[in-house]
Amino acid sequence: MSSDGFNVYELHYRRMGNVRPDWLAAERFPERYACRKPWLDLPKTARILDFGCGWGQQLLGLWCAGYRNIEGVELVPEQARLANESSQGRISVHCMDGRQFLAGRPEAYDLVILNDVLEHIAVSDAVALLVQIRDSLVPGGRIVIRVPNMASLLASYSRYLDITHVAGYTEFSLMQALDQAGFQNHFLLDDRPRFEWKAWRPLAPWRGFQLRARLNVLLHKVVYALRSQTPSPQSFGCNLEMYSHKPTMV
């Protein structure tokens with residue numbers, strides 16, 4: 001991508017509503033920003049790479065969760081600059097192609113995060129990237145992937161929201177790619193809404209019951225049932241989030 005292309009993409013990134021991470025607020029109230037994903041049950045000494053980190057929002061969440069051995073790599077210069085500037089030295093974001101960055105770093109990480117990246121890479125190259133990430137993980141290490149969900153009824157909007165999107169995944173094709181790259185034990189994060197009494201608001205029941213999310217699940221289940229689709233997807237949100245593992249013996 002040319003420098004003009006990078007500048008245009010930065011404009012698009014802002015237009016999509018991305019927010020610059022607020023490290024000052026996070027320092028005061030880390031519990032509000034801490035990442036609590038189920039894939040983050042790792043020792044605080046874990047070595048973590050955010051591949052394609054953008055402005056570093058995920059890195060901020062990791063930092064607030066108590067992780068310090070973290071770094072990012074970002075291809076777009078302006079995004080890498082803002083990530084480094086915002087963190088004020090708390091983390092290191094490397095401005096370069098992530099595939100070049102991983103070259104020569106075998107078994108360097110316990111966890112590699114790939115948020116909103118794989119859809120920008122041609123399917124013919126995706127498995128090779130996943131293999132490279134697998135090689136950069138310690139035995140038993142984890143990869144986390146988030147991509148637009150092509151099983152959603154609004155999948156075409158997500159797919160064509162960005163002209164640099166060149167691939168789309170369902171939970172099944174994402175597992176297929178992970179299989180081919182040599183990962184095992186895939187786990188799809190459950191995005192179905194759960195009732196929580198603490199969130200219940202008698203005067204605003206749609207908030208406590210997360211009514212919109214529940215209606216979205218119901219709508220998708222009806223549509224897939226009418227189609228008699230087998231297998232039927234389990235995730236109906238805008239995005240898929242899945243984590244998997246490098247075998248302990250490769």
Side-chain angles (χ1 to χ4, degrees), residues 9-10 12-14 16-27 29-99 101-102 105 108-121 129-130 133 136-137 141-149 158 161-162 164-165 169 174 187-189 191 235 237-245:
Y9 193 78
E10 176 67 15
H12 174 76
Y13 194 76
R14 293 175 183 272
M16 291 300 99
N18 289 289
V19 178
R20 187 170 177 173
D22 190 345
W23 283 87
L24 293 179
E27 285 259 316
F29 308 105
E31 67 283 354
R32 294 184 184 177
Y33 296 86
C35 179
R36 295 184 176 86
K37 298 287 188 177
W39 41 260
L40 198 57
D41 58 339
L42 299 171
K44 299 303 182 184
T45 55
R47 298 164 295 172
I48 303 175
L49 174 68
D50 189 355
F51 186 110
C53 65
W55 289 346
Q57 196 72 48
Q58 180 70 79
L59 290 166
L60 180 145
L62 295 169
W63 179 274
C64 290
Y67 293 87
R68 295 295 180 266
N69 199 1
I70 57 178
E71 57 187 328
V73 59
E74 172 56 50
L75 180 63
V76 180
E78 182 64 10
Q79 292 187 7
R81 184 189 69 80
L82 285 172
N84 277 313
E85 181 182 283
S86 298
S87 70
Q88 297 181 349
R90 296 178 183 88
I91 57 170
S92 177
V93 173
H94 310 275
C95 182
M96 62 185 301
D97 185 289
R99 288 165 285 197
F101 177 79
L102 286 180
R105 285 181 166 84
Y109 300 102
D110 299 287
L111 170 65
V112 174
I113 300 170
L114 206 66
N115 284 341
D116 309 320
V117 173
L118 209 58
E119 64 271 22
H120 298 269
I121 299 172
L129 171 62
L130 294 176
I133 291 174
S136 75
L137 290 167
R142 296 177 183 174
I143 183 173
V144 176
I145 300 175
R146 186 178 70 201
V147 291
N149 184 9
S158 298
L161 184 69
D162 185 331
T164 66
H165 287 179
Y169 294 86
L174 186 55
F187 292 92
L188 177 68
L189 265 64
D191 65 347
S235 179
C238 295
N239 295 306
L240 290 171
E241 191 167 3
M242 184 178 293
Y243 65 102
S244 191
H245 301 80

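FYI, side chains are in, hydrogens and waters are out, and symmetry mates aren't considered; it's all heavy atoms of this structure.
- Remark: the backbone N or O of Ala83 is not paired with any side-chain donor or acceptor of Ser86 at under 3.5 angstrom.
- For the pair Gln79/Val93, no side-chain contact is recorded, criterion being any heavy-atom separation below 4.5 Å from C-beta on.
- In this structure the side chain of Arg90 reaches within 4.5 angstrom of the side chain of Trp63, judged on heavy atoms.
- In this structure a side-chain-to-backbone donor-acceptor pair under 3.5 Å is missing from Asn149 to Leu240.
- For the side-chain contact (heavy atoms from CB on, under 4.5 Å) with Ser136, the lone residue among Tyr109, Phe101, Phe51 that qualifies is Tyr109.
- Distance alone, capped at 3.5 Å, places no donor-acceptor pair between the Asn18 side chain and the Trp55 backbone.
- With Glu71 contributing its side chain and Leu49 its backbone, the two residues share no donor-acceptor pair below 3.5 Å.
- No side-chain donor from either of Asp50 and Gln58 sits under 3.5 Å from a side-chain acceptor of the other.
- Classified by interplanar angle (parallel below 30°, tilted 30° to 60°, perpendicular above 60°), the ring pair His245/Phe187 is perpendicular.
- Relative orientation of the Tyr9 and Tyr13 rings is tilted, given thresholds of 30° and 60° on the angle between their planes.
- Put simply, the side chain of Arg68 never gets that close to the backbone of Lys44: no donor and acceptor are under 3.5 Å apart.
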Handout entry: Trace of the side chain to side chain contact (heavy atoms under 4.5 Å, CB included) decision for Leu102 with Val112
Key = CA-CA 11 Å; Leu102 286 180; Val112 174; 5.5 Å; no
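- Formation of a donor-acceptor pair under 3.5 Å by the His12 side chain with backbone atoms of Asp162 is not found in this model.
- Although no hydrogens or angles enter the test, the distance criterion places a donor-acceptor pair under 3.5 Å between the side chain of Tyr67 and the main chain of Leu40.
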